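The figures that follow rest on heavy atoms only: side chains count, while hydrogens, waters and symmetry mates do not. Just so it is clear, the model here is predicted, and its values are computed rather than measured. Chain A is the first sequence line, chain B the second, and so forth, proteins listed ahead of strands; every chain is numbered from 1.
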Amino acid sequence: MTRDPGEVPTLRLEHVSRAFRQGDALVRALDDVTLTLMPGEFVAVAGPSGSGKTTLLNVAGGLDRPDAGRVLVGGQDLAELSAGALARLRLERIGFIFQAFNLVPVLSAEENAEFILLLRGVPRAERRVRVRGLLGKVGLAGLEGRRPAQLSGGQQQRVAVVRAIAAEPMLVLADEPTANLDTKTAAALLDVMEALHHEQRTTFLFSTHDPRVMERAHRLIQLRDGRVESDEALEPSHRGTG
Amino acid sequence: MRILVKLAWRNLWRHTRRTALTASAVALGLGLVLVFLGLQDGQHAQMIESTVRMGSGHVLLQAPGYQRRRGVEMLLPAPVVAGASAWAASRPGVQAVLTRAFASGLLSSADGATGVSLIGVDPAVEAPVSRFATRVARGRFLAPADRGTAVIGEGVARLLNARPGTRVVAMAQGARGGEIRSALFHVVGTVHTGLDEVDESLVLAPLASLQAFLELGGGAHQVALLLADQSRAGAVAAEAARAFPDLETLTWAQADPQLEAFITLDDGGTYLFDAIFFVLIAFMLLNTLLMSVLERRREVALLGALGLSPGRRLLMVLLEAVMLAALASAAGLGLGLAGHTYFRLHGLPLAWFTSQSIEAAGVILDPVMYSVLRPGRIVGSVALVFALTLGLSLLAARHAAKPADPNLLKAR
């Protein structure tokens, strides 16, 4: 892919470290991690449990603050932002997909899916068109009025994906999004995300153990003990080998 | 904002039973407080009415210094009495204008003598509005055509062994020259107020008779105004003071500071009781609001992750509190107004609690308490519920506004 040399990275981590205390021990979840994601990248972060994948996503999305180093989203240093400004940045630029679905239980599937658009003040008619179209694409047409408790795990995760991508963010951070899904549902969701990636040049950063995700990634970052062990571009012919 | 309102409303009904219980507790508290305030204000209003209708008034016009010294010579001349009476009668909301004369003296009969307070009244005006007229024990009250007649307290009658038909002689200092004068009065009735101190000193006589006896000319000691609405006493007194700057103008509270002090003290006790009540309610509210936020920490963390700012998360919890307060206030108002309406129409008989007549601050309480609920009391109580709910919800809402632990968003 040819890139404009002046293009601003979607995400840049510079010497980021984050440690947690567990009893008397200090666990380094991220240890001097530096990486750059350019617009339109489809990146998977893999590694064993405890290697720092979730912490990496939390720090990248401004949900957690690093102990050292800088995190820049679209060129904006997150350390310079107040809590309110950080929330605004997440609202406007970042979409989250969690392993645990994390839908708002008192809102219907459609209300959950349009939540970010609503906070952004997108008009109702536009919201409906965008969200209903995406819900239809992920096979949830007719279930718009159901509350999360009335949906299966796979259906809830599809709503969460629609919520994350409906607002067309510049960066989607997905923490093991297919971990709790069957093969067919996982494939359908990955299709939707891949399509958005192609159409909008949305940058995706997945943390995953799932080979189904890795085989679609264009770049694979391996983490071990909080450090980047490898960071390799996957040619189409090599995908699926990670 | 609409999404916050929607979230707040639905969150409120996530635990229907808990919300209903909390709202009911607040509503019951507010309802009871309104009923208590209504009964207490009703009792105070009755006490004020009893006082002003037994030889006083809501607003009094007197000679300067009369309230303190009460000298018989400190008269309002006849033209001043006429002018003040005409002015008062023309004011809106003035129910009656009473002209009175007062003197301390000695009343004697064939069987004894006792010190008394003589009050000269115009029977035609006084009889329809005076509590004395409704408390005639024997005989009758003074009639407009009466001259040289007297209605005496039951205690005076007992001390003098007098009854309707008995002749008594009054001795008192006259207004001119200060010599002691005497006059014969024909007892036509006795009154029983229930207050020993009043019953053992009261002598009511026609104003004209007392004016002649004490050489008052056409003058009097007091022009008293009875108002349809006692809460306007201050405003009417201020108007009177402007109209008659040379006279002493008093409200009932200034004329009877003991009663005013009692009401203030009684109100203070009620406010303390209400405060204790509301503090108990506050703990229940705080518990509900805190529980509601703390059990949703994961969800609040999610809202933050999705871009709901700390301020909007705080607002969401405050909206829940406002909705809870509105529901509770509406139900509490309904309860309070229903109780107030019942006690306004049917009253609360004091006989339920005691068979004795009860005296407070020199006033015999009416045997039935009727509720009087002023709009200010309703607004104040509801405002207190809202202020309390909002204040406490801020404590809970702070938790919602804090940066959340991202671990809360992990798979359970």
Side-chain angles (χ1 to χ4, degrees), chain A residues 18 20 29 54-55 57-65 81-108 111-112 114-121 124 127 147-149 153 157 160 163-164 167 169 173 175-177 179-180, chain B residues 1-19 288-289 291-321 323-324 397-412:
Chain A
R18 179 76 173 107
F20 298 101
T54 298
T55 305
L57 263 60
N58 287 341
V59 165
L63 297 179
D64 200 0
R65 302 258 187 193
L81 299 177
S82 65
L86 202 52
R88 186 90 219 156
L89 179 129
R90 282 198 294 267
L91 180 66
E92 288 172 352
R93 297 190 183 180
I94 303 174
F96 282 99
I97 301 167
F98 304 96
Q99 183 185 350
F101 319 145
N102 283 331
L103 299 180
V104 181
V106 293
L107 298 180
S108 68
E111 288 165 339
N112 265 291
E114 68 177 9
F115 188 77
I116 292 170
L117 294 173
L118 217 150
L119 291 183
R120 282 195 195 171
R124 181 189 168 90
R127 285 196 320 258
R147 296 275 178 96
Q157 189 63 310
R163 178 180 64 195
L173 299 169
D175 190 5
E176 309 213 24
N180 296 325
Chain B
M1 184 67 179
R2 274 179 65 183
I3 185 66
L4 294 184
V5 172
K6 189 185 279 184
L7 277 172
W9 179 252
R10 291 187 187 171
N11 281 330
L12 201 59
W13 296 107
R14 266 172 131 160
H15 299 281
T16 311
R17 191 181 299 172
R18 187 171 70 193
T19 300
T288 300
L289 293 168
M291 281 282 289
S292 154
V293 171
L294 293 178
E295 74 189 4
R296 282 188 284 145
R297 287 192 310 154
R298 179 191 178 96
E299 200 176 308
V300 170
L302 170 68
L303 295 175
L306 296 179
L308 195 68
S309 66
R312 289 168 104 177
R313 300 201 295 273
L314 187 107
L315 185 60
M316 181 184 74
V317 177
L318 290 184
L319 279 171
E320 285 176 37
M323 287 170 182
L324 185 63
R398 275 185 331 123
H399 287 279
K402 280 183 192 167
D405 177 0
N407 289 322
L408 290 168
L409 296 167
K410 278 186 180 171
R412 276 174 285 198

Enquirer: Walk me through it: do B/Glu299 and A/Val104 pass the test side-chain contact (heavy atoms from CB on, under 4.5 Å)?
Expert: CA-CA 7 Å; B/Glu299 200 176 308; A/Val104 181; 3.8 Å; yes
Enquirer: Roughly how far apart are B/Asn11 CG and A/Leu107 CG, rounded to 0.5 Å?
Expert: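 Separation between the atoms: 8.5 Å.
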Enquirer: Does any N or O in the side chain of A/Arg90 come within less than 3.5 Å of the main-chain N or O of B/Gly304, such that one atom is a donor and the other an acceptor?
Expert: yes
Enquirer: Non-hydrogen atoms of chain B under 4.5 Å away: do they reach the side chain of A/Leu119, the backbone, both or neither?
Expert: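 Both backbone and side chain.
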Enquirer: Counting heavy-atom pairs under 4.5 Å with chain B, which one of A/Asp175, A/Asn58, A/Leu63 comes out on top?
Expert: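 Sorted descending by pairs with chain B, the first entry is A/Leu63.
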Enquirer: For A/Asn102 and B/Leu302, work out which heavy atoms get closest and say how close.
Expert: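 Shortest heavy-atom contact: O-CD2, 2.9 Å.
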Enquirer: For the side chain of B/Arg10 and the backbone of A/Val106, is there at least one donor-acceptor N/O pair under 3.5 Å apart?
Expert: yes
Enquirer: Could you measure the distance from the CZ atom of A/Arg163 to the CG atom of B/Leu306? Nearest 0.5 Å is fine.
Expert: 4.5 Å
Enquirer: Is A/Arg120 in contact with chain B via its backbone, its side chain, both, or neither, using a 4.5 Å heavy-atom distance?
Expert: neither
Enquirer: Around atom CZ of B/Arg297, are there more than 12 heavy atoms of other residues, nucleotides or ligands at under 6.0 Å?
Expert: no
Enquirer: Name the region of A/Glu176, side chain, backbone, both or neither, that has any atom closer than 4.5 Å to a heavy atom of chain B.
Expert: neither
Enquirer: How close do A/Pro105 and B/Arg14 get, heavy atom to heavy atom, and via which atoms?
Expert: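 That would be CG-NH2, 2.7 Å.
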Enquirer: Begin from the C-alpha positions of B/Arg2 and A/Leu118 and carry the test side-chain contact (heavy atoms from CB on, under 4.5 Å) through to its verdict.
Expert: CA-CA 9 Å; B/Arg2 274 179 65 183; A/Leu118 217 150; 5.7 Å; no
Enquirer: Against chain B, label A/Arg93 side chain, backbone, both or neither, depending on which of its atoms sit under 4.5 Å from a heavy atom there.
Expert: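 When you check distances to chain B, no heavy atom of A/Arg93 falls under 4.5 Å.
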Enquirer: Less than 4.5 Å to any heavy atom of chain A: does that hold for the side chain of B/Arg312, its backbone, both, or neither?
Expert: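 Looking at B/Arg312, just its side chain touches chain A.
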Enquirer: Tell me, side chain or backbone of B/Leu308 under 4.5 Å from chain A's heavy atoms, or both, or neither?
Expert: both
Enquirer: Measure distances from A/Ile94 to the heavy atoms of chain B and classify the residue's part below 4.5 Å as side chain, backbone, both or neither.
Expert: neither
Enquirer: Can you name the nearest heavy-atom pair linking A/Ala87 to B/Pro310, along with the distance?
Expert: CB-CD, 4.4 Å
